[in-house]
Amino acid sequence: MDAIYSATALRDHPREVKRAAQERLVRITENGKGAYVFCSEEVFQQQIDDAVERALYVQRAEAAIDAGRRAFEAGDYIEGIDAARQAVAKRRTSRG
């Protein structure tokens, strides 16, 4: 969870705020409302890396869903458990 400090705390206790910023995002408030975000370079890079990973995950998920929809629209699907078992068995024997 992000640390929250007032702008006054940043002025009066900069070491404490900097120490927190080395580990996570620090939210700085002014008049009780969010105003700024403060963090170390390492935390900033980790936030960027995490955002990229989440975006790539969403992109892969959307591509898989789109491929499934196209396959369904093309009639490339199996109905029923027996048909599914047969299709799996057929794939296993064709691989090996």
Side-chain angles (χ1 to χ4, degrees):
M1 179 165 210
D2 299 343
I4 301 173
Y5 289 92
S6 67
T8 304
L10 179 61
R11 182 192 68 214
D12 295 343
H13 308 287
R15 275 191 243 140
E16 178 183 342
V17 177
K18 287 179 183 179
R19 194 170 28 255
Q22 289 174 340
E23 299 173 9
R24 60 189 180 274
L25 291 178
V26 173
R27 305 220 177 247
I28 306 296
T29 63
E30 285 185 341
N31 300 318
K33 296 182 180 179
Y36 306 98
V37 176
F38 180 65
C39 64
S40 67
E41 287 285 335
E42 293 82 15
V43 170
F44 183 64
Q45 188 60 54
Q46 187 61 51
Q47 291 291 318
I48 291 170
D49 293 346
D50 290 348
V52 167
E53 185 58 36
R54 285 190 304 271
L56 290 172
Y57 175 81
V58 168
Q59 186 179 35
R60 289 189 303 269
E62 287 174 347
I65 292 168
D66 289 343
R69 286 182 176 149
R70 285 191 304 275
F72 180 78
E73 289 169 358
D76 186 13
Y77 59 90
I78 298 168
E79 289 186 58
I81 190 73
D82 292 331
R85 286 183 180 144
Q86 289 173 359
V88 168
K90 183 178 177 180
R91 286 185 183 175
R92 284 183 179 163
T93 57
S94 68
R95 286 185 183 173

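Counting heavy atoms from C-beta outward, Leu10 and Tyr5 have side chains that stay 4.5 Å or more apart.
In this view, Asp2 and Arg27 satisfy the salt bridge (charged side-chain N to carboxylate O under 4.0 Å, His left out) rule, not counting sequence neighbours. With sequence neighbours excluded, no residue satisfies salt bridge (charged side-chain N to carboxylate O under 4.0 Å, His left out) with Glu79. In this structure, the side chain to side chain contact (heavy atoms under 4.5 Å, CB included) partners of Val58, at least two apart in sequence or on a different chain, are Glu62. With sequence neighbours left out, Asp66 forms a side chain to side chain contact (heavy atoms under 4.5 Å, CB included) with Arg69, Arg70. Shown here are the side chain to side chain contact (heavy atoms under 4.5 Å, CB included) partners of Ala71, two or more places apart in sequence or in another chain: Asp76. Under the side chain to side chain donor-acceptor pair (under 3.5 Å) criterion, Asp50 pairs with Gln46, sequence neighbours left out.
Residues Gln45 and Asp49 have side chains that bring a donor and an acceptor to within less than 3.5 angstrom of each other.
The shortest heavy-atom contact between Ile78 and Ala84 is CG2-N, 3.4 Å. Contact record, Met1 with Arg24: O-CD, 3.0 Å, taken as the closest heavy-atom pair.
Judged by distance alone, with hydrogens and angles left aside, the side-chain atoms of Ser6 form a donor-acceptor pair with the main-chain N or O of Ala9 at under 3.5 Å.
A salt bridge (charged side-chain N to carboxylate O under 4.0 Å, His left out) check over residues 4-22, counting only residues at least two apart or in different chains, returns nothing. Residue pairs that meet the salt bridge (charged side-chain N to carboxylate O under 4.0 Å, His left out) test with at least one member in residues 28-43, sequence neighbours left out, do not exist here. Contacts classified as ring-ring contact (aromatic ring centres under 6.0 Å, His included) and involving residues 59-79 (residues at least two apart or in different chains) are given here: Phe72-Tyr77. The ring-ring contact (aromatic ring centres under 6.0 Å, His included) pairs that include a residue from residues 28-68 number zero, where partners must be two or more places apart or lie in different chains.
If you chain together ILVMFWY residues whose side-chain heavy atoms come under 4.5 Å of each other, Val43 ends up grouped with Leu25, Val37. Residue Val88 is found outside any hydrophobic cluster, as its side-chain heavy atoms come under 4.5 Å of no other Ile, Leu, Val, Met, Phe, Trp or Tyr.
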